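This one's a predicted model, so the numbers in the text were calculated from it and none came from an experiment. The chains referred to below are lettered A, B, ... by the order of the sequence lines, with proteins before strands, and numbering in each begins at 1.
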Amino acid sequence: MAFKFWKFQYTPPKTLATPVPEGAAASASVPTGTDSQAVHLMGRLDAMIATSAYLQQVMLARSKGLGVAVDPAADPDVARALETVYGVDEAPKFVTVAMYNHLLDAEMTALQIEMALPTNSPYEVNSFQSAAASAVTAFVENKLMETGEFQHQIPLLLRDLKGDTVIFASTKEELAKYPAARPRPVDPLDAGNDQPIKARTLDISQPLANALEGYLDGFAGTYASMYQLAADVGQVEAGIEDVVGTYFLQPVEDIIRVVSLLQAMKGLVHIPRLKTIKNGLTGLVFVRLQAEATGARCFYDRFTSLATSPLKSMAGSLGNMLGVAQSALGETARLTQSLGGLKDGFSHTEGTLKGMSYAYDCGLPHNANAKKPTAAGPGNGKVMNALGQASQALTSLATHLKWGMDSMDAKTRLVDEAFNKIATARLGSHADQLDLMCSTQALDSLLNLGRAVISVQQKYAGSASPSATSTPSKQLEEVGRILASNGGGTGTQFATQDGQIQATSPDVPPVPADVEPVLRLGGLDRTVPVDLRDINGVLA
Amino acid sequence: MASDVQDQLASDEGQSFDRPINVSVIEKLKKFPFMQELGFNGQLSFARDTFHGLGDFNRQMTIYSGTIYVLMAPFAAIRALIPFNAEVTKNLFISRTLGLVGNAFRKLVGFDQVFTVSPDELKTGGSAAITNKLPV
């Protein structure tokens with residue numbers, strides 16, 4: 001007997017050709033809401049971060065060759081901190097401004113890590129390392145401030161700029177939490193329709209957007225002043241010939257007195273004031289405070305838009321419901337009264353329809369002793385009680401909602417006030433520091449010019465033939481040579497040409513294209529010389 | 001050398017230190033044991049010379065071995081080694097700023113760190129650069 005082999009044949013079912021739609025993956029991440037206020041503000045914050053980074057480069061370019069010597073015998077704590085930070089057995093002999101810049105970066109990074117770590121996190125920043133970095137930066141800052149020289153104050157702006165960057169980055173992250181700023185998939189069902197769920201398209205509220213715009217405008221003004229202070233010729237140096245001419249009209253003894261007075265003024269007024277500003281709360285602590293206040297303000301803004309505002313309209317509906325319930329209660333009372341009157345009329349012993357009830361049983365009470373329908377009756381009473389209870393419940397609900405909303409409004413106002421105060425304090429601190437630095441720059445210029453004039457006058461005081469050398473142009477040329485050889489003390493470069501002193505700006509990196517609009521917005525016009533006094537109230 | 005501000009430092013001055021500093025993140029639970037270790041290491045130099053147990057050991061062993069003649073020879077073999085306190089001494093190093101301290105002080109930078117964050121990572125990744133590194 002022969003067996004036939006079984007043969008299995010598989011015929012796949014007919015299917016429709018379903019090609020993979022092209023660009024499906026791309027459409028899933030098409031960013032929407034690019035025209036939202038939050039996205040616009042994020043763009044502005046990017047520009048501010050770029051400006052801050054550029055200004056940091058300017059400050060570093062202006063501080064080449066600058067550093068603070070560290071003596072382990074005189075400052076063992078600082079030397080130990082340096083060993084800790086760099087993990088070496090022997091601390092470096094100098095802390096250059098470039099090193100100071102990296103130390104500040106580490107300090108700000110530690111701050112950002114602390115802000116990013118969740119509450120009750122089992123992790124923390126290595127406190128030995130961050131404390132060591134802070135000790136070194138504080139040491140460098142104090143040493144730079146103590147000299148009272150404008151040139152040495154320029155690196156101090158690095159901390160302010162880095163702190164601002166942390167605040168801007170944190171604000172940007174908060175703005176990115178608004179649904180309107182998030183990339184979300186394009187849903188064909190959404191096209192042309194208003195979003196029924198507000199949370200999907202929620203944007204920053206107009207009052208907060210305006211506040212942030214104003215805040216950023218303030219920073220733009222500050223940055224323009226910073227740029228002008230660090231990269232342009234100082235106010236006194238711009239009119240150097242007039243100043244030198246005035247000096248030459250004075251006896252040399254008077255110039256010596258003026259120079260001493262200006263030097264003393266710096267020591268007695270400018271240095272203590274600058275220390276007060278730099279060592280104040282607006283340094284490191286305010287950065288975190290500002291960043292967190294901004295986060296809280298954005299959170300309350302989202303909460304108000306999503307929860308409180310819709311509740312306000314709901315409270316209005318509750319009021320209407322309450323009115324309807326109360327009106328229903330009145331109707332029931334009136335109906336009960338009418339039924340009572342009708343009963344009186346239908347009674348067969350008295351009333352206008354006396355006797356009719358014998359002929360026609362209408363279902364109403366037939367004698368005067370029968371109970372009249374009242375508000376406390378079995379049916380009506382239930383309705384009225386229910387309406388009364390509903391009315392009370394609605395009143396209670398409306399009261400609680402109003403209390404909740406009022407409390408939320410109060411909290412929002414408080415956070416808003418805190419945000420505004422902190423923002424004003426930070427901008428005010430920047431303005432104070434720039435004001436002081438601008439004044440120090442002018443004093444340094446006057447001091448250096450005064451010293452150069454004294455040197456020239458003393459040189460020719462004992463000359464055998466003063467007539468040959470004491471012409472104003474010769475003396476001016478001599479002053480120019482001195483300034484060109486030792487610098488103006490403020491970073492401005494001097495050159496003498498055709499008997500005239502020319503002051504040129506310090507060498508700084510060129511302004512990038514994305515930074516230019518911010519500086520222009522801040523009041524910096526690079527085509528027309530602008531008096532520094534006219535910008536943002538500096539020295540105004 | 002006084003700690004002064006210098007205007008004309010050579011361009012290569014401090015060049016080896018001119019680099020970004022990574023900030024280390026540690027586990028809170030490991031902080032106290034490390035502080036204990038630091039405390040012990042901070043006193044290690046004193047322990048080397050004045051460790052009471054070792055002093056007592058030396059004194060008592062001298063008396064003990066002196067009483068019996070046969071013990072004097074073996075004690076003489078180890079007697080010279082006692083003051084060296086080799087186990088402690090090998091863990092010491094001289095720090096210019098702290099003096100003679102234990103090796104744990106070399107580990108102050110990033111002791112038992114879980115991860116580090118560099119300033120550049122924050123510039124590109126924002127705070128997500130930190131949260132992404134947190135162990136799950």
Side-chain angles (χ1 to χ4, degrees), chain A residues 64-80 82-87 89-96 98-99 102-103 105-106 108-110 112-113 115-118 121-130 132-133 139 143-144 146-147 149 151-152 169-170 172-173, chain B residues 1-31 34-35 38 93-99 105-123 126-135:
Chain A
K64 271 184 188 155
L66 187 62
V68 179
V70 179
D71 182 1
D75 298 293
D77 292 345
V78 178
R80 198 176 307 139
L82 281 166
E83 287 169 9
T84 303
V85 169
Y86 291 107
D89 289 343
E90 191 172 335
K93 292 187 178 71
F94 294 95
V95 181
T96 62
M99 286 163 67
H102 290 309
L103 285 162
D105 275 336
M108 293 298 162
T109 304
Q112 282 173 286
I113 293 172
M115 283 161 57
L117 286 175
S121 167
Y123 306 102
E124 65 179 6
V125 169
N126 179 354
S127 49
F128 295 104
Q129 192 190 22
S130 60
F139 167 78
K143 288 289 172 191
L144 291 173
E146 275 165 11
T147 66
E149 303 287 325
Q151 281 273 66
H152 299 163
S170 158
K172 201 181 144 194
E173 286 190 9
Chain B
M1 181 179 66
S3 302
D4 289 325
V5 176
Q6 310 275 324
D7 283 309
Q8 305 290 333
L9 288 174
S11 58
D12 60 344
E13 187 65 55
Q15 209 167 26
S16 58
F17 297 101
D18 182 9
R19 54 184 157 86
I21 300 159
N22 287 355
V23 177
S24 54
V25 175
I26 58 165
E27 224 172 317
K28 283 179 184 170
L29 274 177
K30 291 191 177 165
K31 192 175 176 181
F34 181 69
M35 299 279 276
L38 274 186
F93 81 101
I94 297 171
S95 158
R96 271 163 54 97
T97 52
L98 295 168
F105 280 83
R106 289 182 197 268
K107 295 196 294 179
L108 273 175
V109 189
F111 72 89
D112 288 334
Q113 68 191 22
V114 180
F115 60 87
T116 62
V117 181
S118 73
D120 283 344
E121 283 176 291
L122 280 179
K123 275 176 198 159
S127 61
I130 301 161
T131 44
N132 289 343
K133 285 191 172 189
L134 284 173

Sort [X] into side chain, backbone, both or neither according to what part of it lies under 4.5 angstrom from a heavy atom of chain A.
{"X": "B:V114", "answer": "side chain"}
{"X": "B:S24", "answer": "both"}
{"X": "B:F115", "answer": "neither"}
{"X": "B:D120", "answer": "neither"}
{"X": "B:E27", "answer": "both"}

For [X], which atoms come within 4.5 Å of any heavy atom of chain B: side chain, backbone, both, or neither?
{"X": "A:L103", "answer": "both"}
{"X": "A:A169", "answer": "neither"}
{"X": "A:T147", "answer": "side chain"}
{"X": "A:V95", "answer": "neither"}
{"X": "A:K64", "answer": "backbone"}

Counting C-beta onward and ignoring hydrogens, is there a side-chain heavy-atom pair between [X] and [Y] closer than 4.5 Å?
{"X": "A:T96", "Y": "B:Q6", "result": "no"}
{"X": "A:D89", "Y": "B:R106", "result": "yes"}
{"X": "B:P135", "Y": "A:Y123", "result": "yes"}
{"X": "B:I21", "Y": "A:D105", "result": "no"}

Choice from A:M99, A:Q112, A:Q151, A:R80 maximising heavy atom contacts with chain B below 4.5 Å: A:R80

Most chain B-contacting option - heavy-atom pairs closer than 4.5 Å, from A:A132, A:P118, A:S170, A:S121: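 Top count of heavy-atom pairs under 4.5 Å with chain B: A:S121.
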
Restricting to non-hydrogen atoms, name the atom on [X] and the atom on [Y] that form the minimum distance, rounded to 0.1 Å.
{"X": "B:S95", "Y": "A:E83", "result": "OG-OE1, 3.7 Å"}
{"X": "B:I130", "Y": "A:A116", "result": "CD1-CB, 3.6 Å"}
{"X": "A:L66", "Y": "B:L9", "result": "C-CD1, 3.9 Å"}

Gap separating the CG atom of B:L134 from the CG atom of A:L117, nearest 0.5 angstrom: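 Going from CG on B:L134 over to CG on A:L117, the span is 5.5 Å.
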
Criterion salt bridge (charged side-chain N to carboxylate O under 4.0 Å, His left out) against A:E124, the qualifying member of B:K31, B:K28, B:K30: B:K31

Closest-packed option against chain A by number of heavy-atom pairs under 4.5 Å, given B:D7, B:I94, B:L29: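 With the most close heavy-atom pairs to chain A, the winner is B:D7.
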
A:E173 side chain to B:G126 backbone, donor-acceptor under 3.5 Å: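 Side chain of A:E173 to backbone of B:G126: no pair is present.
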
Full working for side chain to side chain contact (heavy atoms under 4.5 Å, CB included) between B:L38 and A:F128: CA-CA 12 Å; B:L38 274 186; A:F128 295 104; 3.8 Å; yes

